[in-house]
Amino acid sequence: LSTEVRTDYGNRYLPVRKTSFVNGNIAPQERYEYNDRQQLTGKEECSYDSEDWLVKTFEYNRDGFLCFWRFDRYYY
């Protein structure tokens, strides 16, 4: 059993994608989105070879505090 995690970073050096592998096969995947203040505004998760993504959305107030988040499921 071999495992590996690959993390891709964007131009602001924040992680934009994390992919896990088990025995060379893609396992859970995560994608991240940020606003201009480098705050996490979206996180998408997908397990194994599923086409269903769990999407978490985050919103911040003008002072930068987290004020709202929600979960959605998207089908690609």
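All values below were derived from every heavy atom in this structure, side-chain atoms included, with hydrogens, water molecules and symmetry-related copies excluded.
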Measure across [X] and [Y] and return the closest heavy-atom pair with its distance rounded to 0.1 Å.
X	Y	answer
F58	L40	CB-O, 3.4 Å
N35	Y60	ND2-CD1, 4.1 Å
V5	K18	CG1-CG, 3.6 Å

If I take atom [atom1] from residue [X] and atom [atom2] from residue [Y], how far apart are they, to the nearest 0.5 angstrom?
X	Y	atom1	atom2	result
L54	C46	CG	SG	10.0 Å
T19	R31	OG1	CZ	9.5 Å
W53	K43	CH2	NZ	11.5 Å

Show me the donor-acceptor pairs within less than 3.5 Å that the side chains of residues 20-28 make with the rest of the protein, sequence neighbours left out.
{"residue": "N23", "atom": "OD1", "partner": "S2", "partner atom": "N", "Å": "2.9"}

My understanding is that only one of E33, E30, E45 makes a salt bridge (charged side-chain N to carboxylate O under 4.0 Å, His left out) with K56; could you say which? E45

Common cluster, Y32/L14, ILVMFWY with side-chain heavy-atom separation under 4.5 Å: yes

Test R17 against Q29 for side chain to side chain contact (heavy atoms under 4.5 Å, CB included), laying out the working first. CA-CA 7 Å; R17 179 177 307 163; Q29 302 176 67; 5.5 Å; no

Answer yes or no: does atom CG of N61 have more than 12 heavy-atom neighbours from other residues, nucleotides or ligands under 6.0 Å? yes

